[in-house]
Structures are given as C-alpha cells and as structure tokens.
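Both backbone and side-chain heavy atoms feed into the values below; hydrogens, waters and symmetry mates do not.
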Amino acid sequence: MSFCLAMLIAMGIDAAIGWPDALYRRIGHPVTWAGWLISTLEGRLNRGDARRAKGVLTALIVIGLAGGLAWGILALLPGGWVGTVMTGVLAWPLVAIRSMHQHVAAVAAPLGRGDLAGARYAVSMIVGRDPAQLDSAGIARAAVESLAENTSDGIVAPLFWGVVAGLPGIAAYKAINTLDSMIGHRNARYEQFGWASARIDDLVNLIPARLTGVVFALVSARPGKALKTMARDARHHRSPNAGWPESAMAGALGIRLSGPRVYGDRVAHEPWVNEGAPDPSARDVTRGLALYVRAMGVLAVMIAAGGVWGW
C-alpha cells in the first residue's frame, strides 16, 4: 500500500470539499471526538497531587487510542489500490487544507473593506489573543501568523506523519496536536497536567515546521530573503517550531510578524520576526494566501515524488 498516494487522495478530497457542514452536524469530526475524550480525562484527573504524572497518562491514553484504532482499521483494509483509496478517504478528515484557506480569507475580505469589526470577529476564530485590542495591522499580523503556523500544524505535519506511518501516523499526530491545543498551555491550570502533551507536540513538529518554512521560501518570489529571515529569526520565537514557518512567511512577504500581543489582561512582549520590515496589510494577507496555495501544490508534488521513489 502506498501511504504517499493515500495522503495525496486525502489532500485532493479536502481541497475539493473540505469537511462539509452537513457532515459535521450529523457526526461531528474526529478532532471533536478526541476533544471530548481529552476534556473528560482532564476533568477527572487534573486535580490533587501528581498532576504531571496524570497528564502523562492522559496523553498516552489519547495517543494510544487514536493510533491503535487507526492501526486496527488499517489491518482490516484490503491491499492494493482499493486499500490505498480507502486509507486516503479515512485520512481526509485529518487534513485541513480548505478550512485553513477559508478561515484566513474570511479575515482578509472585511479587512480589505475597512470593516474592522468584521475582521476582528473573523480573526477571533483562529487566534487566542484579544481581538478588541487589535488595529488593522494587528489583525493582519494575527491572520498571517495563524496561516503560517497552522499550515505546519494542520497540514504539513499530519501529512508528513501519514507518509511516514500511514493512517496510524496521521491519527496519532492529530491526537497529539489536539492535546497540545487543549491542555498544552503554560498557566496555573495546565502547567503540570499539560506538560507531556506540549513536549510531545514540540517533538513531532520539529521536522514538519522546518519543512513548511523551506516550502514557503521555495514558492516565494524572494526565496533567498525568506530563507535568510528564517535562519536568523526562527529561534527567537517563543515556540521552538512556530518560528520557522512564520519567519519564512515574513521574509517571503517582506513584512514583520510576532511582536507584543495581548492575551486577556496579559501582555506578551515577544520579539519581532523580520524586525525593520513594515507591518502587514489586508493585501499582505491575500498575498500570504496565494503563497499558501502555491505551497500546497509543491507539497503535493513532493509527496507524489516520494511515492514514485518508494515504488
């Protein structure tokens, strides 16, 4: 069975139709199923003593269940082309190509019209910072940063692990990423309980984050500048992984990203990425989306080439 071909099928289906709302209303989504399990375990275990150990147990249960179920399903599938196509269909919900574009485009449209209220609402759907504190440049920065980081977390990384380990690989990765997004936070509630989830997520994103940055640079009009910015600024980011795609995107578009941001009543004084460049505008969000589309095309070619080489 070709895992590369299966991931290409998943990419193609998701790019064409995404995850339809009617399907979501009827059965939800694999990420919401994992979210229910994580929320249930967190509510029961994140209390009392030994919270770090309980968090490790939670991560092992969720990752093991996701990967184990996927392995069991894969073992039941037929071989050959039929099994490959079925694997691609099963992997389809775990890729977010279309929804990523839709969410960022939903910010670019009102921002381009000067509708800050609409743009703030749209950007609140994809970032955790306080949208009421964002001006036009802040909204554009948040949208481009989300596009860059989530291209890595939501598309490149699951496909990478799908190519490496098939359906169990992509399912286990999505479980890890969901754990991190729900409990991998540095605050009083999750500092101990989410420690393992955050560390595992950092580990499995090491290669995909850097790969995403390289792909962004390669499809840009200024690959040298993008690569130089990535090499210089990626390690200054608060995240060991998010800085790579974000700095590549900043260099490719000729804008600055990151910098100070507001989360509730807390101001995070983050260093600038590509400091000295101008703030992004609505036009730069649109340019970022065009870069993203080209990156998805190159990613598909890379996966296809891997399949041919493996064959």
Side-chain angles (χ1 to χ4, degrees), residues 1-15 30-31 34 59-97 100 148-181 184 196-218 239-242 244-245 248 295-311:
M1 180 183 295
S2 170
F3 291 154
C4 288
L5 179 57
M7 294 306 110
L8 284 176
I9 291 169
M11 287 183 75
I13 298 173
D14 185 75
V31 170
L60 291 176
I61 290 172
V62 174
I63 299 166
L65 187 59
L69 283 173
W71 179 85
I73 292 170
L74 187 64
L76 296 174
L77 296 181
W81 288 97
V82 174
T84 298
V85 171
M86 292 178 70
T87 300
V89 172
L90 290 169
W92 152 43
L94 306 178
V95 184
I97 294 173
M100 183 73 260
E149 181 177 359
N150 289 315
T151 297
S152 177
D153 291 355
I155 301 164
V156 176
L159 288 170
F160 174 84
W161 289 109
V163 167
V164 170
L167 194 61
I170 192 171
Y173 173 79
K174 290 302 289 187
I176 293 167
N177 191 242
T178 307
L179 280 160
D180 180 64
S181 67
S197 295
R199 299 290 78 75
I200 296 169
D201 185 77
D202 287 344
L203 179 63
V204 297
N205 279 297
L206 281 173
I207 296 175
R210 288 148 180 80
L211 175 61
T212 305
V214 170
V215 171
F216 279 153
L218 291 178
S239 164
N241 294 315
W244 296 86
M296 293 302 97
V298 168
L299 182 64
V301 170
M302 291 171 66
I303 294 174
V308 171
W309 179 75
W311 190 281

Approximate separation, where rounding is to 0.5 Å, of Thr178 OG1 and Asp201 CG: 9.5 Å
Rounded distance [0.5 Å steps], CD1 in Ile303 versus CD1 in Ile9: 11.5 Å
Distance-minimising heavy-atom pair for Thr212 and Pro245: CG2-CB, 3.9 Å
Minimum-distance pair of heavy atoms, taken over all atoms of Ala209 and Ser152: CA-OG, 3.3 Å
Sole candidate of Leu94, Ile97, Asn150 that passes side-chain contact (heavy atoms from CB on, under 4.5 Å) when paired with Ile155: Ile97
Leu60 side, atom CG; Ser197 side, atom OG - distance, nearest 0.5 Å: 9.0 Å
Distance, nearest 0.5 Å, that separates CG of Leu159 from OH of Tyr173: 10.5 Å
Audit row: Glu149, Asn241, side-chain contact (heavy atoms from CB on, under 4.5 Å) steps and yes/no: CA-CA 8 Å; Glu149 181 177 359; Asn241 294 315; over 6 Å; no
Pairs meeting criterion salt bridge (charged side-chain N to carboxylate O under 4.0 Å, His left out) with involvement of residues 152-181, two or more places apart: none
Ala157 versus Asn205, closest heavy-atom pair with distance: CB-OD1, 3.4 Å
Contacts table for residues 65-79: side-chain donor-acceptor under 3.5 angstrom, sequence neighbours left out:
none

Where Ala96 and Asp14 come nearest, the two heavy atoms and their spacing: C-OD2, 3.5 Å
Interatomic spacing from CG in Asn177 to CH2 in Trp161 - rounded to 0.5 Å: 13.0 Å
Between CZ on residue Phe216 and CG on residue Leu299, distance to nearest 0.5 Å: 10.0 Å
Over 12 non-hydrogen atoms of neighbours within 6.0 angstrom of CG in Leu218: yes
Listed partners of Met302 passing side chain to side chain contact (heavy atoms under 4.5 Å, CB included), at least two apart: Leu211, Val215, Val298
